[in-house]
Trainee: 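First, the structure itself, so that you have it in front of you.
Since the structure is predicted, the reported quantities are computational estimates derived from the model, not experimental observations.
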Amino acid sequence: VGAGFASGKEIATYFSRYGFLAIPSAVATGIVLYVLIKQCLFIGKNKANFTLSKPFKVLLYLALCFLCGSAFSANAVLGKYLGIPHFVLINLAIAFVVLLAGIKGVKKLNFVISPVLIISIILLVLLSKNKLGSSVCFQVLNTPIKSFVGIIGYVSFNFILVAMFLIDAGKDCTEKEIKLASAISCTIITALILIIAFVVMYSKTNIMASDMPLLTFAFNVSRVAGVAMVVVIWLGLFTTLASCLYSMSRLLGDVVKNRTINLIINLIIVYLVSRLGFDFIVKEVYFFTGIVGISFVINLLKFSNVKDEKSG
């Protein structure tokens, strides 16, 4: 759950602006995510030889660099809200400590932060009913095709951030746990999409065009709610950063074996990329990362020897 999701920007762009099509779109997203999450976990469980060609690994690594860099540049914005100087560097240091523990560190982080995120967003909605009205602020686009095509890019774009992490996480899971984890995960994500989409559409103040709609909504409620939402968005951002950096370290591991040096190199590269600025990365690079994401998901779904290895 990155900054785009937690702040509501992605939800506004890919769901809310299509009006009531947000409901079937969210359900479709949940179904697709169930399939992808389960596939990754099964690959990890069966220790299947899921490999990518070297040229594609380079493309995937570059895509992850830009996605992670944009997330760190978003940290700079949150640092201003929190009044904390050099917030990006602080996050780099925290990420280094968490990732030194490997996948266990990222797992523990997600185990703590995910429930906090879910509860915080639900509480924000429940405690701000007076800021929700009957006038719906969305632009109805007259074709559902755009909505569902957008889902393909949205899911693919985000899934490359966590796929490697999920594959490794599957190593310790039973088949029953994999199915249960996939079902719970996609259900929670679908529910959150619907809740956030509802807030964006039914906010009395039009927050559709805001860079961070839920943050704008929270500050309209109160200063305290706004600051609390900044913290929530940061938590969501950091879980994605940790998972993304973990995937990058896995890919770079073919060249740099030492974990500490590997992490330092990745953090330096991501920091330099973040200096390009969030707007530049979104406008100039996200189309490229979307194509890489779709290609990666196709490779993932085409990989069918998971069951074969188990039975063989």
Trainee: Verify the cluster assignment for Leu89 and Trp234: are they in a single hydrophobic cluster under the rule of side-chain heavy atoms below 4.5 Å apart?
Mentor: yes
Trainee: If I take atom CG from residue Leu251 and atom OH from residue Tyr246, how far apart are they, to the nearest 0.5 angstrom?
Mentor: 11.0 Å
Trainee: Just so I know, are the side chains of Leu180 and Glu177 near enough to count as touching, which here means a heavy-atom distance under 4.5 Å?
Mentor: no
Trainee: Less than 4.5 Å apart, any side-chain heavy atom of Ile196 and any of Ile121?
Mentor: yes
Trainee: Say whether, by atom type as modelled, one donor and one acceptor occur between the side chain of Lys131 and the main chain of Asn220 under 3.5 angstrom.
Mentor: yes
Trainee: Give a yes-or-no answer on whether the side chains of Tyr61 and Asn266 include a donor-acceptor pair shorter than 3.5 Å.
Mentor: yes
Trainee: Same hydrophobic cluster for Val125 and Ile23, using side-chain heavy-atom links shorter than 4.5 Å among ILVMFWY?
Mentor: no
Trainee: Hey, does Leu241 have a side-chain heavy atom less than 4.5 Å from the side chain of Cys68?
Mentor: yes
Trainee: Are the side chains of Val35 and Leu301 in touch, meaning some heavy atoms are under 4.5 Å apart?
Mentor: yes
Trainee: Output the distance between atom CG (Asn258) and atom CD1 (Ile265), rounded to the nearest 0.5 Å.
Mentor: 9.0 Å
Trainee: Do you reckon Leu252 sits in the same ILVMFWY cluster as Ile268, going by side-chain contacts under 4.5 Å, direct or chained?
Mentor: yes
Trainee: Is Leu194 reachable from Val232 through a run of I, L, V, M, F, W or Y residues, each pair having side-chain heavy atoms under 4.5 Å apart?
Mentor: no
Trainee: Out of curiosity, Asn46 CG to Glu175 CD, how far, rounded to the nearest 0.5 Å?
Mentor: 8.0 Å
Trainee: Supply the atom-to-atom distance Ile37 CD1 to Ile189 CD1, rounded to the nearest 0.5 angstrom.
Mentor: 5.0 Å
Trainee: Is the shortest heavy-atom distance from the side chain of Phe219 to the side chain of Met229 under 4.5 Å?
Mentor: no
Trainee: Less than 4.5 Å apart, side chain to side chain, heavy atoms only: is that true for Leu215 and Ser210?
Mentor: no
Trainee: Could you state the interatomic distance from CD1 (Ile167) to SG (Cys40), rounded to the nearest 0.5 Å?
Mentor: 4.5 Å
Trainee: For the residue pair Phe296 and Phe56, categorise the inter-ring angle as parallel (less than 30°), tilted (30 to 60°) or perpendicular (more than 60°).
Mentor: parallel
Trainee: Following the transitive rule for hydrophobic clusters with a side-chain heavy-atom cut-off under 4.5 Å over Ile, Leu, Val, Met, Phe, Trp and Tyr, establish whether Val255 and Leu245 coincide in one cluster.
Mentor: yes
Trainee: Can you confirm whether Met201 sits close enough to Ser16 that some side-chain heavy atom of one is under 4.5 Å from a side-chain heavy atom of the other?
Mentor: yes
Trainee: Would you give the length of the straight line joining atom CD1 of Ile11 to atom CD1 of Ile193, rounded to the nearest 0.5 angstrom?
Mentor: 5.0 Å
Trainee: Quick one: do Asp254 and Lys54 satisfy salt bridge (Lys or Arg N to Asp or Glu O under 4.0 Å)? Show the steps, please.
Mentor: CA-CA 10 Å; Asp254 295 341; Lys54 286 186 178 179; over 6 Å; no
Trainee: Side chains of Lys38 and Lys179: does their closest heavy-atom pair fall under 4.5 Å?
Mentor: yes
